[in-house]
Amino acid sequence: MSQTLKAVRGTRDLLPPETALWNRIEAIARDVFARYNFGEIRTPVFEDTALFARSVGEDTDIVSKEMYTWEDRARAQSEKTQSLTLRPENTAGVVRAYIEHGLGESGQLQKLYYIGPQFRRERPQKGRYRQFAQIGAEVIGPPSTGSESPLRDAEILEMLATLLDELGITGWTLELNSVGSAADRARYNDALRAALVAVVGQMCADCQRRAVTNPLRVLDCKVPADQPIIATLPVIADSLDEASQAHFAAVTAALDAAGVPYTLNHRLVRGLDYYTRTTFEFTHGGLGAQNALLGGGRYDGLSEAMGGPKAPGIGFAMGEDRLVLTLQALETAQPQTVADAFVAPLGESLNPAALALARELRHAGLRVELGEGSFRLKRSFEAADKIARRIVILGEDELQSGILTVKTFSTGIQTKVPRAELAAFLAGPAKG
RNA sequence: GCGGCUAUAGUUCAGCGGCAGAACGCCUGACUGUGGCUCAGGAUGUCGUGGGUUCGAUCCCCACUAGCCGCCCCA
């Protein structure tokens, strides 16, 4: 086994019929995005390493230890090597493209969605892969386009509720929080650090480490003994300035008006540095430890941090692999695609005529499988019964008379059908 | 990166220090132009890889690799 090549760790092949589910998910997503007037953007799968370091944050796990990074070698004396990285997420690339193409200059709010693979070098487990697919969208533009409006936040969340519903994902939960402006967040971080000094000694080892590296993460702690202590810590809502409070109130008011259910979770802090104000997650049980179907938030300062114009924005990324897992768990049976007809030539001499017949039927929009003339008829029947609703027998008699023999498997009824009527007959319901 | 469990036929899994097993699936025939149900027969394989212990290892030990689960973190 060690001699044969295998898909590398954390990557996998998607095969039929599972790929049908992936395609269905993507088709529904594209349809919903189109109705909300989003356009598709496709950014490169790899980018300059500095892009992710600056946007996602040097100290995040993603950048500090999970990126696939390599030194692209110089091809000429005059060329420098360049550090490149497979994208670990797509928001940075979208914002880079926004800046690079001056999309803000259009004066229009940019509403962009993407579907594609992302890469993180993590330990694989259920719902977590080293190459995984995300479906995401970003709403971004200069302030004059209304990009900063809480209505945009609410609209995105309402769209996500619609998308999950249309995908058939029942039982999702929307968790919502505000981490405030960059200034609010800095102020809260200070308050948290100060409060932790007195109590951190009584907390778990992880929290003692987090208290230094990333105090916000302490709020995520799941150790039961730590919960009473966490309850005494300052809440980020108290560190929000008036504008941030008003923004968050406007988001929830719009959600209430639209009838989108949510729960406030003032402990919801997200791992990427660029988030400001609204942050959210849609979660679902049954995904094990990876219960987040999607996550996102507002990033009002990201464009400027990357050297671009002021361009507030909000976006999300949805784990397509996790959508698939959730849907597979919800669906009792995966619908098997079945061909409309199996064309069975009787004898190799009839192969050419069989191709012509299959071509005719396929042009009529039918899903057709083509057998092989060297098969014994029994073999053709066995094969056909597994993958098609009907079998069309093409022997010398049928070819000469132009009247084909058709058998429908569900009923066992066999009839003769003139070639001119064959396509219409096969398109009909599978009765006689 | 850390911890637990696992690795045997195409698949799901039994198994035992001494000839490699079941179910399903697959192939052949009963039926030379008729599937499903039935019956008869057949092939399933470097027992994850490498090393060690042993007269002998699929089994015991070690390492590696991979998968699953948890931690960390995230989608």
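Chain letters run A, B, ... following the sequence lines, proteins first, then strands; residues in each count from 1. No hydrogens, no waters, no symmetry mates; every other heavy atom, side chains included, goes into these values.
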Please name all residues satisfying ring-ring contact (aromatic ring centres under 6.0 Å, His included) with [X], sequence neighbours left out, ordered by chain then number.
| X | value |
| --- | --- |
| Trp22(A) | none |
| Phe52(A) | none |
| Phe316(A) | none |
| Phe46(A) | Trp70(A) |

Exercise for the section: Any ring-ring contact (aromatic ring centres under 6.0 Å, His included) involving residues 161-186 of chain A? Give me the pairs, sequence neighbours left out, ordered by first then second residue. Expected result: Trp172(A)-Phe282(A)
Practice task
Could you list all the ring-ring contact (aromatic ring centres under 6.0 Å, His included) pairs where at least one residue sits in residues 179-210 of chain A, not counting sequence neighbours?
Solution key: none
Would you give me the side-chain donor-acceptor pairs under 3.5 Å for residues 8-17 of chain A, sequence neighbours excluded?
residue  : atom : partner   : partner atom : Å
Thr11(A) : OG1  : Val8(A)   : N            : 3.2
Thr11(A) : OG1  : Val8(A)   : O            : 2.6
Arg12(A) : NH2  : Asp321(A) : OD2          : 2.6

Please give, in whole Å, the distance from [N] [atom2] to [X] [atom1]?
| X | N | atom1 | atom2 | value |
| --- | --- | --- | --- | --- |
| Leu219(A) | rC73(B) | CG | C1' | 15 Å |
| Asn90(A) | rC74(B) | CG | C1' | 16 Å |
| Lys126(A) | rG67(B) | NZ | C1' | 12 Å |
| Glu89(A) | rC74(B) | CD | P | 12 Å |
| Lys6(A) | rC64(B) | NZ | P | 16 Å |
| Asp321(A) | rC68(B) | CG | P | 12 Å |
| Met67(A) | rC73(B) | CE | P | 18 Å |

Problem - Within the 6.0 Å centroid threshold, strictly below: Phe33(A) and Tyr113(A) - result: yes
Handout entry: side chain to side chain donor-acceptor pair (under 3.5 Å) partners of Ser239(A), counting only residues at least two apart
Key = none
Problem - Rounded distance (nearest 0.5 Å) linking atom CG of Leu323(A) with atom CD1 of Ile135(A) - result: 6.0 Å
Under 4.0 Å, counting only non-hydrogen atoms across every strand here, what does [X] touch: a base, just sugar-phosphate, or nothing?
| X | value |
| --- | --- |
| Gly127(A) | base |
| Phe316(A) | nothing |
| Ala384(A) | nothing |
| Arg9(A) | sugar-phosphate |
| Gly296(A) | nothing |

Give me, pair by pair, the N or O atoms of the protein and of nucleotides 1-3 of chain B that are less than 3.5 Å apart, along with how far apart they are.
residue : atom : partner   : partner atom : Å
rG1(B)  : OP1  : Arg121(A) : NH1          : 3.3
rC2(B)  : N4   : Arg123(A) : NH1          : 3.0
rG3(B)  : O6   : Arg123(A) : NH2          : 3.4

Practice task
Tell me yes or no: between the side chains of Thr162(A) and Asp165(A), is some donor less than 3.5 Å from an acceptor?
Solution key: no
Fill in the blank from the handout: Counting primed atoms, P, OP1 and OP2 as sugar-phosphate and everything else as base, the B/S/- map of nucleotides 26-38 of chain B against protein heavy atoms under 4.0 Å is S--S-S-BBBB--
Handout entry: Dot-bracket pairing map - RNA chain B, Watson-Crick plus G-U, both contacts under 3.5 Å, | cross-strand
Key = (((((((..((((....[..)))).(((((.......))))).....(((((..]....))))))))))))....
Handout entry: Position toward the 5' end of RNA chain B (nearest nucleotide), Glu320(A) or Lys65(A)
Key = Lys65(A)
Exercise for the section: Starting from the 5' end of RNA chain B, give me the residue, Gly10(A) or Tyr129(A), whose nearest nucleotide shows up first. Expected result: Gly10(A)
Practice task
For Ala50(A), check side-chain contact (heavy atoms from CB on, under 4.5 Å) against everything at least two apart and list the hits.
Solution key: Asp48(A), Arg54(A)
